[in-house]
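Predicted model only: the values in this text are computed from it and were never measured. Atom set for the values below is all heavy atoms of this structure, side chains included, hydrogens, waters and symmetry mates excluded.
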Amino acid sequence: MLQERDLVVVGAGPAGLAASIEAAKAGASVLLVDLNLKAGGQLFKQIHKFFGSSAHHSGVRGFDIGKMLLKEADDAGVETWLGSAVIGLFPGMKVAIEKGTDGSEKEVITLKAKKIIVATGASENVIRFKGWTTPGVMGAGAAQTMINVNHVKPGKKVVMLGTGNVGLIVSYQLMQAGCEVVALVEAASKIGGYAVHAAKIKRAGIPIYMKHTIVEVKAGTDHCTNRVVIAEVDEKFQPIAGTEKEIDADTVTIAAGLKPSAELPKLMKCAFTFNGVFGGMIPLHNENMETSVEGIYVAGDSTGVEEANTALEEGKIAGIAAAEALGYLDVEKAAVIKKEIWERLEALRMGPFGEARMAQKEKILEEYMEKIGTPVAEEGMVEDSDVNN
Amino acid sequence: MCMRVEDHVILDIRKTADLVEITVDGRVISAYAGEPILAALLNAGIKVNRYTVKRHEPRGLFCGIGQCTDCAMVVDGQTNVRTCITPVKAGMIIKTQDGLSKEE
Amino acid sequence: MSIINNGFLEYDELSAIQMLPSDERYAKGPVAVIECVQEIPCNPCEMACRFDAIKIGEPITNLPMLQEEKCSGCGICVSQCSGLAIFIVNKVYTDKTATVAFPYEYFPIPKVDQNVEAVNRKGEVICRGKIVKVMNPASFDHTPVVTVEIPKEFADEVRSMKRG
């Protein structure tokens, strides 16, 4: 007989944690699963103070919000498996989980879930230039993990590619960790992230090369990055010959945006759509954060790249909706709470930075109503007879 | 070489874990028990983790969260160990992985 | 706006967008200068001020507005602004010098009486300064607020110090 849970939540970042907490508080049996050895997703790398309103922990550092969520999850009785990867979802709402670290004995456990929430976040994009695979070239998130979680510098002299909020914030954090940020490079003519983040970088005296890109990374005799060549770009973002400048650096951090990670809903044949603003292919969902497949919900960056605050609120909606569908929450009470959360999400998606995302979320909800209407029970990509019980 | 973050205005970086020794390609380096192997390697200035199968090109830290496998090395005889998400244990023997390193 | 094209704010752009303190208010002592110029949902500064001197209201994307007559120049808002975009400027510290209090989250934190190179919004060193105050209580949650004394004529330009 397979073990069963009311709810399995995949991904213990802000969305997954918030969802688990709401469902567990309502009385559901919740299993929260995460590949990493520590829960919290990207939160523990965010050492800066968050924006937003006091309802969104404004002024509180990301890792402190992470600690609060972990404690809440613990207090609510959420069962958490870390170092565990959900490697598949199968017909009959079966979840296959591989437990264990590389190099050791791993075991695969399959269990049944009445409801599943996928909150697997996003992954970093890449810009390919000559020498992009050279050791020393990494995602900005990788550098952030090393300095803020593992307290080790990935290198000494860093060139940051990209001036969105990740590029700006990680540059600031690299300086705080004692690295020398020698340049920020941005292909567009405008800074992508918040002006106040850019202002901190400028006050620190770091050159920002607008309308430039990296054309080559050169390696030394140790096979690692030692020179970075940048060049000006034209309106089509093509490098202009003759404008090359060489910078002495041993590290390149790429902050070129994120794309949603939503492989698991694909396995269950959830309907997807392409959305450029949100970073790529995303699962369609309704106001309950439920996909086209009944019982499978999504929340956070895997539904479209936004912020920790929006992930948290979406997670809450998914957790409440799942608990409601399981019968643990009164339909009317749940409706009131969900409405309040949608209003908070609207407030978060205001202003010149949020407006585009607000419009796109509305588009997703409309597309769902048009193409799907009501979620149907799953088919899955694998035949029932193919799955070994 | 020491690439540890020694002082920080925001983070509490006092180490509570035990300092242990691990061996990397025959060289003994210090590491904190339980930290990702890759963190100890970076601290020691080691940035190349493996060489690719066909063109023998060097690879090192890229995603840092277990998704890209660029950091995979041979650990205690096991190949393809993602060093960015695998914790250090005292006495571990680590080798730069050469291609698929079918050995041991 | 030069800040989104280049990363730094030109003073005349700032004064066109934000309500900077009047000359009369500057003559009375230290006062907050809020260099927040984009509409982002954010209001910890309004929550932080115990004198009700910063107004945002609803929606919280509104730019924070300084009520200069209520501002005491205490500096708490400097540590609470997530964007590190508020400064306290005292143009009457002495008859020749002014002070600028700024958030400083780098190691090493400077010490009182230390001589430093003062920088403007572009990170250019424009004069020398002396640290006269360093506030880093637990309530600031690791955002030390450092006050530097500089020649009076640079009070509208100095916004940080060169890192050690």
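- Considering only heavy-atom pairs separated by less than 4.5 Å from chain A, the leading option among B:Gly45, B:Ala40, B:Pro87 is B:Pro87.
- Annotation: maximal heavy-atom pairing with chain A below 4.5 Å, among B:Arg59, B:Gln67, B:Lys15, B:Arg4, occurs at B:Arg59.
- Ion pairing between A:Lys106 and A:Glu98 holds under the 4.0 Å rule for side-chain N and carboxylate O.
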Review point. Could you go step by step and tell me if A:Met138 and A:Val252 meet the side chain to side chain contact (heavy atoms under 4.5 Å, CB included) rule?
Key: CA-CA 6 Å; A:Met138 64 193 68; A:Val252 172; over 6 Å; no

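- With chain B as partner, the option from A:Lys156, A:His223, A:Arg61, A:His151 having the largest number of non-hydrogen pairs under 4.5 angstrom is A:His151.
- For B:Asp70, no part sits under 4.5 Å from any heavy atom of chain A, backbone or side chain.
- Contact of A:Lys45 with chain B is made through the side chain alone, with heavy-atom distances under 4.5 Å.
- If you tally non-hydrogen atom pairs under 4.5 Å between each of B:Thr86, B:Leu61, B:Thr52 and chain A, the highest count goes to B:Leu61.
- The parts of B:Val81 that come within reach of chain A are both its backbone and its side chain, each placing non-hydrogen atoms under 4.5 angstrom from that chain.
- With a 4.5 angstrom heavy-atom cutoff, A:Asn150 touches chain B via backbone and side-chain atoms both.
- Heavy atoms closer than 4.5 Å to chain B are found in the side chain of A:Val126, but not in its backbone.
- Comparing B:Ile13, B:Val48, B:Asn80 by heavy-atom pairs within less than 4.5 Å of chain A, the highest count is held by B:Ile13.
- With a 4.5 angstrom heavy-atom cutoff, A:Thr133 touches chain B via backbone and side-chain atoms both.
- One finds no salt bridge joining B:Arg50 and B:Asp98 here, because no Lys/Arg side-chain nitrogen approaches an Asp/Glu carboxylate oxygen to under 4.0 Å.
- B:Asp12 and B:Arg14 are joined by a salt bridge, as a carboxylate oxygen and a charged side-chain nitrogen come within less than 4.0 angstrom of each other.
- Heavy-atom minimum distance, A:Thr251 versus A:Thr225: N-CG2, 4.1 Å.
- B:Glu57 CD: more than 12 foreign heavy atoms inside a 6.0 Å radius.
- Both the backbone and the side chain of A:Ile47 come within less than 4.5 Å of a heavy atom in chain B.
- Using a cutoff of 4.0 Å between basic side-chain nitrogens and carboxylate oxygens, B:Lys95 and B:Asp25 are not scored as salt-bridged.
- Note on A:Leu37, A:Thr134, A:Ile147, A:Ile254: by heavy-atom pairs under 4.5 Å with chain B, the leading option is A:Leu37.
- The neighbour count for A:Glu105 CD, taken as heavy atoms of other residues, nucleotides or ligands under 6.0 Å away, does not exceed 12.
- Within 6.0 Å of atom NZ in B:Lys89, 12 or fewer heavy atoms from other residues, nucleotides or ligands are found, so the atom counts as exposed in its surroundings.
- Heavy atoms closer than 4.5 Å to chain A are found nowhere in B:Asn49, neither backbone nor side chain.
- If you tally non-hydrogen atom pairs under 4.5 Å between each of B:Leu11, B:Thr83, B:Asp7 and chain A, the highest count goes to B:Leu11.
- For A:His197 and A:Phe51, the ring centers are positioned less than 6.0 Å apart.
- Chain A forms more heavy-atom pairs under 4.5 Å with one residue of B:Pro58, B:Gly60, B:Gly64 than with any other, namely B:Pro58.
- In this structure, the portions of A:Asp250 lying under 4.5 Å from any heavy atom of chain B include both its backbone and its side chain.
- Using modelled atom types, one finds no donor on one side chain facing an acceptor on the other under 3.5 Å when comparing A:Asp64 with A:His57.
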